[in-house]
Every structure is written in C-alpha cells, then in structure tokens.
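Below is one structure, written out as structure tokens; comments come after it.
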Amino acid sequence: MPITVDIDVMLARRKMSVGELADRVGITPANLAVLKNGRAKAVRFATLAALCEVLECQPGDLLRWEALDAEEVGDRP
C-alpha cells in the first residue's frame, strides 16, 4: 500500500506505549494496532486529530505516501 503509517516512530520519540496512546486518544488498543500496522482501510479525521494532539505532531508525521514499485503496480486490483 502506498500509504505508510509511522505511529511507531512517534511513539518511540515520545517514549510512549501503545496502551498509553490508545487510552489517551480514546480508542481500543486493537484498533490502534490495526492503524499502526497499516491494515486500516480508513481513519477518521477526529481520530487523526486526537493522535496528533496527544503525540504533539502533524498528520504528515504519522502518514506518508510512497510510490508503488513496478511489482506492486502489477498486483493492484
């Protein structure tokens, strides 16, 4: 997928656990794990805003776009 989620990077910079972030954002650790591992199909702006508030960052610090390589382009539906 061309969107990469960098929540792990921000967690490490803030020395915060996944559980603490989930509690402070108000989502379940399981839902945070789905987002963190790049398996989410969507993210609500309210959730993204809460993540940015708690982690004191910008949305671009959490999400980035990466071009697909030729092999991945052939696999797209």
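Treat the numbers as computed from the prediction; the structure is a model and nothing was measured. Start at 1 with the first residue, then count along the sequence.
In this view, Arg24 and Glu20 satisfy the salt bridge (Lys or Arg N to Asp or Glu O under 4.0 Å) rule, not counting sequence neighbours. For Arg64, the side chain to side chain donor-acceptor pair (under 3.5 Å) partners two or more places apart in sequence, or in a different chain, are Asp6, Glu66. Under the side chain to side chain contact (heavy atoms under 4.5 Å, CB included) criterion, Leu21 pairs with Ile7, Leu11, Met16, Val25, Leu32, Leu51, Val54, Leu55, sequence neighbours left out. Judged as a salt bridge (Lys or Arg N to Asp or Glu O under 4.0 Å), and not counting sequence neighbours, Asp23 has no contacts. Checked against salt bridge (Lys or Arg N to Asp or Glu O under 4.0 Å), Glu53 has no partners two or more places apart in sequence or in another chain.
Hydrophobic clustering (ILVMFWY, side-chain heavy atoms < 4.5 Å, transitive): Val34 and Met10 are in distinct clusters.
The two atoms that bring Pro59 and Cys52 nearest to each other are N-SG, 3.4 Å, heavy atoms only. Counting all heavy atoms, side chain and backbone alike, Pro2 lies closest to Leu68 at CD-CD2, 3.9 Å.
Remark: Ile3 CD1 to Leu62 CG distance equals 12.5 Å, nearest 0.5 Å. Going from atom CZ of Arg13 over to atom SG of Cys57 covers 9.0 Å, rounded to the nearest 0.5 Å.
For residues 30-40, the side chain to side chain donor-acceptor pair (under 3.5 Å) pairs, not counting sequence neighbours, are Asp8-Lys36, Thr28-Asn31.
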